[in-house]
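Okay, so here's the structure we're looking at.
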Number of protein chains: 4
Amino acid sequence: MTEVGFVGLGKMGQPIAQNLANAGFKVVAYNRTRERAEALQKYGVRVADSVREAAATGIVITMLADDLAVESVVLGEGGILKSLPAEGIHVSLSTISTALSARLTEAHTQAGQPFVASPVFGRPDAAAAGNLVVVAAGPAPAMERSKPLLEAIGRKLIVLGGQPMMANAVKLAGNFTIAAMLETLGEAFALVRKHGVSPGQFLEIVNGSLFQSPVYENYGRIVAEQKFEPAGFKLSLGLKDARLVLAAADTAEVPMPLASLIHDNLLGEVAHGKGDIDWAALAMVAAERAGL
Amino acid sequence: MTEVGFVGLGKMGQPIAQNLANAGFKVVAYNRTRERAEALQKYGVRVADSVREAAATGIVITMLADDLAVESVVLGEGGILKSLPAEGIHVSLSTISTALSARLTEAHTQAGQPFVASPVFGRPDAAAAGNLVVVAAGPAPAMERSKPLLEAIGRKLIVLGGQPMMANAVKLAGNFTIAAMLETLGEAFALVRKHGVSPGQFLEIVNGSLFQSPVYENYGRIVAEQKFEPAGFKLSLGLKDARLVLAAADTAEVPMPLASLIHDNLLGEVAHGKGDIDWAALAMVAAERAGL
Amino acid sequence: MTEVGFVGLGKMGQPIAQNLANAGFKVVAYNRTRERAEALQKYGVRVADSVREAAATGIVITMLADDLAVESVVLGEGGILKSLPAEGIHVSLSTISTALSARLTEAHTQAGQPFVASPVFGRPDAAAAGNLVVVAAGPAPAMERSKPLLEAIGRKLIVLGGQPMMANAVKLAGNFTIAAMLETLGEAFALVRKHGVSPGQFLEIVNGSLFQSPVYENYGRIVAEQKFEPAGFKLSLGLKDARLVLAAADTAEVPMPLASLIHDNLLGEVAHGKGDIDWAALAMVAAERAGL
Amino acid sequence: MTEVGFVGLGKMGQPIAQNLANAGFKVVAYNRTRERAEALQKYGVRVADSVREAAATGIVITMLADDLAVESVVLGEGGILKSLPAEGIHVSLSTISTALSARLTEAHTQAGQPFVASPVFGRPDAAAAGNLVVVAAGPAPAMERSKPLLEAIGRKLIVLGGQPMMANAVKLAGNFTIAAMLETLGEAFALVRKHGVSPGQFLEIVNGSLFQSPVYENYGRIVAEQKFEPAGFKLSLGLKDARLVLAAADTAEVPMPLASLIHDNLLGEVAHGKGDIDWAALAMVAAERAGL
């Protein structure tokens with residue numbers, strides 16, 4: 001039975017770690033708030049007292065909130081970089097900047113530790129159901145060793161290539177497509193509403209008969225019914241991702257005017273105190289500007 | 001067997017008229033270029049010598065290129081308005097401005113002729129396969145009489161309400177969502193390409209595993225393979241539709257910044273002589289600007 | 001003493017006609033609301049009973065609200081086109097679309113009547129003070145004959161060339177630069193306000209020390225003090241001009257994303273019932289979106 | 001005679017330091033490339049061997065390229081923070097992020113050292129001519145002591161208040177207004193060019209008769225004549241500033257769509273290898289997109 005370290009038991013990390021345990025891996029889990037690790041003991045998870053202890057397993061998975069958290073856990077004192085044995089693997093599931101991914105790749109590589117970036121698509125309920133889409137990139141041998149882990153946590157694993165940053169770029173581009181859909185629905189809904197057509201009617205046509213996409217359906221419903229609380233994914237986190245998209249685009253020299261538009265609209269919502277509702281509320285900006 | 005007039009046998013109109021004939025309607029078809037009407041005689045279609053003759057049937061369908069053509073055929077000399085008998089119905093399948101729809105509604109209503117707007121979603125191949133999605137709006141009794149016709153030409157008919165303009169607004173908003181998807185894919189593809197990921201790989205993830213939409217798939221393939229010739233739908237026509245979207249938005253007082261972005265990008269492509277390739281080339285603007 | 005017809009005695013037309021009379025021209029003025037013409041009698045202006053009577057003078061100036069008004073007065077029944085003697089000149093001061101300018105050019109030319117487009121920069125107070133900037137284009141001989149008139153109404157006359165539309169394009173591009181300045185100040189003010197700097201302080205720096213422009217100063221003051229009533233130029237008219245800019249850009253195949261942004265912002269303000277305040281309120285959109 | 005340290009003798013720093021010396025200050029100058037300091041010896045400037053030596057004077061001015069350079073010189077080993085005596089003042093002329101300004105304020109304050117942010121408007125020739133516009137903010141007593149220095153280097157000094165970041169925000173907002181003017185001229189020029197009017201003609205009208213601004217005139221000439229080499233201010237530096245503007249706007253929660261548009265256009269130019277020409281080339285993007 002393979003032992004695997006796991007750092008970060010938030011809304012996403014906890015169900016993922018549990019799925020790994022259920023799949024037969026011996027998970028050694030660390031979380032800053034220890035209770036969230038202890039809650040997994042009943043599934044056979046061992047609670048680690050430090051990041052170091054989780055990394056000592058030789059393969060450690062991280063699932064953290066943002067760049068700052070990942071930087072601290074990996075590069076900080078007592079962090080993964082110093083704790084992983086030689087040839088130990090770090091598999092990063094977090095949505096982070098391409099810049100940080102590049103830094104981690106360099107640091108780990110210099111330490112003889114392969115780095116695998118493997119962000120996931122899906123909300124907490126998908127994580128719990130083992131229904132995530134997992135996108136991974138990293139050196140081939142490390143990828144081979146990580147595969148069983150990654151296959152255990154999602155319904156699909158797509159391996160992109162040897163450069164970890166590829167996976168981070170794909171994750172950011174993917175989140176961008178969802179945000180773009182929200183902006184699109186927002187403007188389209190506003191237009192048809194002014195002509196007496198309800199968002200629900202329009203959604204039935206545009207998705208029910210044309211796009212036929214579950215993503216359109218789920219988000220379209222949320223927007224049509226304006227059910228932004230409780231938030232599945234907070235608008236302030238959507239803004240964080242929009243910033244990461246624009247940062248990656250800036251570094252890669254890709255003008256992305258639609259991403260800029262999305263960022264500005266999300267920023268405006270945050271400026272109006274709406275950072276804690278669901279990011280699908282991005283679609284309300286068009287309605288507000290139309291005086292609806 | 002119901003007799004029905006049909007005016008406009010272009011790429012869309014011809015297969016639609018043929019499907020009506022195949023469904024058992026006695027079609028009286030007029031086209032400016034008579035040969036396209038004669039080509040349908042083998043399916044039992046009668047060739048009309050004038051718009052007037054088609055309208056004399058008491059229910060006439062029009063499927064024309066743009067506002068100008070519809071204006072001329074309906075409001076011009078020898079046009080439908082003067083030729084339809086009282087209580088005769090005009091069913092307009094064309095993608096036209098909401099402003100013209102309002103004018104037609106008023107003119108027909110004053111003449112005691114119910115007007116039904118019923119634009120369709122789908123390309124010529126979908127029209128031939130009877131696979132169109134048909135969106136209709138107009139006075140209830142006229143709608144009732146038109147239903148068998150509209151059900152015969154598509155796979156799905158959605159009736160919106162009593163105001164014909166509703167259907168035109170939905171058609172424009174629908175085309176906008178497709179254009180928005182193209183802009184989205186364009187920017188996302190450019191971002192991932194700069195990170196060494198091919199559009200095909202990204203499409204497999206973002207649509208294969210997330211959106212799961214046939215519309216994303218079809219257009220995504222065209223863009224990923226840059227197969228813009230021959231054009232399924234010309235970029236210059238996409239620009240025409242973008243203008244109609246913005247005109248409807250302007251009248252309805254709905255700021256649509258994404259629609260403006262799409263318009264400007266399509267306009268730039270036309271300015272570079274790309275009006276005759278497929279409008280999916282809208283997705284190449286981001287690549288060009290990124291220096292790809 | 002040269003006789004000259006004048007049609008359109010609105011806020012701009014009335015002071016201009018008066019200045020012509022004061023400069024010694026024998027003005028024959030027509031206005032739909034006759035009282036506004038009669039008010040000029042004391043300056044020696046003769047009141048015309050019809051457009052025809054004004055046009056009969058052989059050279060007629062028009063100063064009207066929009067395309068519709070110009071179309072009606074020139075191309076409508078009893079209009080200038082039919083009333084001007086052969087080789088009679090029509091000098092159009094109105095801000096109109098480049099498309100209508102082209103139509104007027106063609107119609108007048110076919111009738112043997114030279115057409116001069118000569119829009120003006122300046123508000124009613126500048127018109128009254130003879131302080132307008134006049135931009136003209138048209139056939140050289142007609143321009144020669146029109147010059148004394150145009151020099152009498154402004155502080156500067158700039159002649160562009162033989163194509164009347166040139167002057168209309170310049171007028172629209174000029175109004176665009178002013179709107180762009182308002183958008184610019186709006187965003188800059190919002191940024192500095194959030195850092196504790198007042199718009200007035202910023203204006204003192206950016207214009208007082210850098211741009212040193214009276215246009216920046218005047219508009220900057222209005223925005224800094226938020227004095228949008230009474231309106232010097234209504235926001236709804238600014239929106240009308242933004243539409244003309246975008247229409248000209250569309251026809252000429254010039255993507256103008258900043259003009260689109262301005263249009264969308266003005267449209268949003270109109271959607272919120274702000275059409276009647278001064279168009280400088282365009283600069284408030286950024287503040288509103290920032291939650292200020 | 002007051003002694004003053006000066007760090008950073010680039011294109012801007014060198015003439016500024018020279019002006020200080022000419023004004024009678026005893027300048028102790030440090031530059032990484034020592035030759036640039038030695039070149040000032042003939043004006044009475046003393047060459048420092050280290051940042052520490054310049055800071056030891058008790059009041060030190062920095063004029064550096066970007067955040068990274070300032071961070072290193074102030075917060076790095078042997079940096080100003082550790083070298084300034086208690087109550088020693090740091091006056092920062094560099095264009096830096098509002099975030100770094102906040103960090104410097106905090107660090108210096110904790111060390112009992114007042115921090116004054118005092119960015120300048122003007123290019124190297126203006127610096128040489130003592131023609132800069134200087135914007136300053138910081139604690140009142142330190143400002144009082146810095147005034148004679150700041151008055152010696154520019155034609156105008158504007159003091160904003162006690163928070164250093166105010167001055168940085170104003171500098172960024174000011175640069176934004178200039179970039180916005182370039183985007184504006186670019187779109188306007190493209191529109192009139194398509195109608196047969198030259199940029200020079202348009203500039204004569206829009207600036208010569210309306211804006212009457214030396215900034216419009218200078219930049220308008222550069223664009224009209226397309227004289228982008230040699231660069232007065234490199235496009236890649238303009239992009240850097242656009243990033244700082246957007247970063248400040250993001251932190252302050254101010255959506256700035258025009259700033260986003262400018263950023264994206266500058267980024268596209270850099271992606272096409274145009275980073276080294278003058279940033280006035282931003283105005284060419286509209287022309288390129290219009291196919292001119």
Side-chain angles (χ1 to χ4, degrees), chain C residues 98 121 133 135 155-156 158 160-161 163 165-166 168-170 172-174 176-178 180-181 183-185 187-197 201-202 204-216 245 248-249 252-259 261 265 286 289-292, chain D residues 98 121 133 135 155-156 158 160-161 163 165-166 168-170 172-174 176-178 180-181 183-185 187-197 201-202 204-216 245 248-249 252-259 261 265 286 289-292:
Chain C
T98 52
F121 287 99
V133 173
V135 178
R155 65 174 155 93
K156 184 149 188 188
I158 297 134
L160 288 165
Q163 270 299 326
M165 197 166 50
M166 297 167 87
N168 302 101
V170 162
L172 294 178
F176 160 71
T177 60
I178 298 173
M181 179 199 66
E183 174 67 29
T184 302
L185 289 179
E187 297 189 17
F189 281 2
L191 182 62
V192 301
R193 282 175 68 189
K194 285 264 182 132
H195 290 86
V197 178
Q201 278 180 301
F202 181 70
E204 186 201 329
I205 296 163
V206 86
N207 192 53
S209 300
L210 293 177
F211 283 97
Q212 301 174 28
S213 161
V215 179
Y216 262 75
V245 170
E253 297 179 358
V254 181
M256 292 180 73
L258 176 47
L261 170 61
N265 281 350
R289 296 191 67 201
L292 285 166
Chain D
T98 52
F121 287 99
V133 173
V135 179
R155 62 174 156 94
K156 184 152 190 186
I158 298 134
L160 288 165
Q163 269 299 328
M165 200 167 47
M166 296 168 87
N168 302 103
V170 162
L172 294 178
F176 160 71
T177 59
I178 298 173
M181 178 198 65
E183 175 67 28
T184 301
L185 288 179
E187 297 189 18
F189 282 2
L191 182 62
V192 301
R193 283 175 67 190
K194 286 265 182 131
H195 290 88
V197 177
Q201 279 179 301
F202 180 70
E204 187 201 329
I205 296 163
V206 85
N207 193 51
S209 301
L210 293 176
F211 283 96
Q212 302 174 29
S213 161
V215 179
Y216 263 75
V245 170
E253 298 179 357
V254 181
M256 292 181 72
L258 176 47
L261 169 62
N265 280 351
R289 296 190 68 200
L292 286 165

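Here is the naming used below: chain letters follow the sequence lines, and residue numbers restart at 1 for every chain.
Residues satisfying the ring-ring contact (aromatic ring centres under 6.0 Å, His included) test with C:Y216, not counting sequence neighbours, are C:F211. C:N265 pairs by the side-chain hydrogen bond (donor to acceptor under 3.5 Å, both in side chains) definition with A:R289, C:E183, not counting sequence neighbours.
Distance alone, capped at 3.5 Å, is enough to place a donor-acceptor pair between the C:K194 side chain and the D:E253 backbone. Between the side chain of D:Q163 and the main chain of C:G196, no donor-acceptor pair closer than 3.5 Å is present. Side chain of D:E187 to backbone of C:L258: a donor-acceptor contact under 3.5 angstrom is found.
Annotation for C:V170 and D:F202: closest pair O-CE1, 3.7 Å, computed over non-hydrogen atoms. C:S209 approaches D:K156 most closely through the heavy-atom pair OG-CD, 3.3 Å. Contact between C:G174 and D:V206 at its shortest, heavy atoms only, is CA-CG2, 4.3 Å.
Heavy atoms of C:L292 lying under 4.5 Å from chain D are absent altogether. With a 4.5 Å cut-off on non-hydrogen atoms, D:I205 touches chain C through its backbone and its side chain both. Looking at C:L261, only its side chain comes within 4.5 Å of chain D, counting heavy atoms on both sides. Looking at C:R193, there are no atoms closer than 4.5 Å to chain D (heavy atoms on both sides), in backbone or side chain.
For the set D:L191, D:V133, D:V135, the entry with the most heavy-atom pairs within less than 4.5 Å of chain C is D:L191. Among C:I178, C:L185, C:V197, the residue making the largest number of heavy-atom pairs under 4.5 Å with chain D is C:V197. Each of D:P257, D:A249, D:A252, D:A188 has some count of heavy-atom pairs under 4.5 Å with chain C, and the biggest count is that of D:P257. When the candidates C:L210, C:N168, C:L172, C:V192 are compared by the number of heavy-atom contacts under 4.5 Å with chain D, C:L210 comes out ahead. For the set D:A190, D:A180, D:P214, the count of heavy-atom pairs under 4.5 angstrom toward chain C peaks at D:P214.
A 4.5 Å side-chain heavy-atom check between C:Q201 and D:L160 finds at least one atom pair inside the cut-off.
The OG atom of D:S213 lies 7.0 Å from the CG atom of C:N207; values are rounded to the nearest 0.5 Å.
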TODO: For side chain to side chain contact (heavy atoms under 4.5 Å, CB included), just list the numbers for C:H195 and D:T98, CA-CA rounded to whole Å, side-chain angles, deciding distance to a tenth of an Å, and then say yes or no.
DONE: CA-CA 9 Å; C:H195 290 86; D:T98 52; 3.9 Å; yes
